[in-house]
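What follows is a set of notes on a single structure, which appears directly below.
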Amino acid sequence: MASEESFVVLVHHRGSIKRKTRSGVKFTDKDPLCIVVNPTITYDELVRAVLMKLGLEGVKRVKKFFYRIPVSILHNTVKYDCLTIGSDEDLQVMFLCRRQFPEVRTPELLAKLVDVVSSSGGSNRNTTNVATVAGSSSWAAVASSSVPVYEPAVQLVASPSFAVDLNDGVGDERAR
């Protein structure tokens, strides 16, 4: 059955959407990915396939896809619009359009990628590494992709009765 056959989808991931072209909408990425899909693929499976092929699993996530949807054909010219795909139901529109417009052999998507945010609220691109400053055992240097920050190596725990130096674990109790 033709509707169950796999086919290629071009996935643009670096470009943008250009409107008001002769064909309506165009994606500007010069180096799209080729992903083989079938009509039973889910939105989450498509997201995983794109991120795996790019090698960006855990680093980026797909915020949404934009589908270059064919809307009309006149004198062998296909006019396109843009449809946001963010669910399984939205993805089914692409498969339906593929059946309705057999002249458009290769569907095109533009993946909107964003950084994965860690549980601390920062993105993976700005990871923090802690190192001791050369010649000093009392200060730790915190390096990030922005401005370096220096903080004392001694971390005190707030307690109603005393504070403890976590580096030693015992002793050095200070009354409040």
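Given the structure is predicted, the values throughout are model-derived calculations rather than measurements.
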side-chain hydrogen bond (donor to acceptor under 3.5 Å, both in side chains) partners of H13, counting only residues at least two apart
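Listed in chain order: nothing, the list is empty.
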
What verdict does the side chain to side chain contact (heavy atoms under 4.5 Å, CB included) test give for R68 and S23, after you've listed the backbone C-alpha separation in whole Å, the side-chain angles of each residue and the deciding distance to 0.1 Å?
CA-CA 11 Å; R68 188 175 179 226; S23 62; 3.2 Å; yes

Spatial distance of atom CE (M94) from atom CG (L109) [nearest 0.5 Å]
5.0 Å

Distance check, rounded to the nearest 0.5 Å: K112 atom NZ versus H12 atom NE2?
16.0 Å

Once salt bridge (charged side-chain N to carboxylate O under 4.0 Å, His left out) is applied, what residue pairs with a partner in residues 69-80 remain, sequence neighbours excluded?
none

Could you go step by step and tell me if D81 and R19 meet the side chain to side chain contact (heavy atoms under 4.5 Å, CB included) rule?
CA-CA 9 Å; D81 203 348; R19 298 184 186 273; 4.1 Å; yes

Which heavy-atom pair separates [X] from [Y] by the least distance, and what is that distance?
| X | Y | result |
| --- | --- | --- |
| S6 | N38 | OG-CB, 3.8 Å |
| T84 | D90 | O-OD2, 3.8 Å |
| V116 | R61 | CG2-N, 3.9 Å |

Would you mind listing the cluster partners of [X]? Hydrophobic ones only (ILVMFWY), side-chain contacts under 4.5 Å, chaining allowed.
| X | result |
| --- | --- |
| L74 | none |
| V8 | V36 |
| V104 | I17, V25, F27, F66, I73, V78, Y80, F101, L110 |

Step by step, work out the side chain to side chain contact (heavy atoms under 4.5 Å, CB included) result for L33 and L10.
CA-CA 6 Å; L33 296 174; L10 288 180; over 6 Å; no

A quick test of your reading: do over 12 heavy atoms of other residues, nucleotides or ligands sit less than 6.0 Å from CD of E89?
no

Tabulate below the donor-acceptor pairs under 3.5 Å that side-chain atoms of residues 41-56 make, not counting sequence neighbours, or state none.
residue: T42; atom: OG1; partner: E45; partner atom: N; Å: 3.1
residue: T42; atom: OG1; partner: E45; partner atom: OE1; Å: 3.4
residue: E45; atom: OE1; partner: T42; partner atom: N; Å: 2.9
residue: K53; atom: NZ; partner: C34; partner atom: O; Å: 2.6

Same hydrophobic cluster for V59 and V114, using side-chain heavy-atom links shorter than 4.5 Å among ILVMFWY?
no

Quick one: is the NZ or CZ of R98 closer than 6.0 Å to the six-membered ring centre of F7, and within 45° of its axis?
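The answer is yes; both the distance and angle limits are met.
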
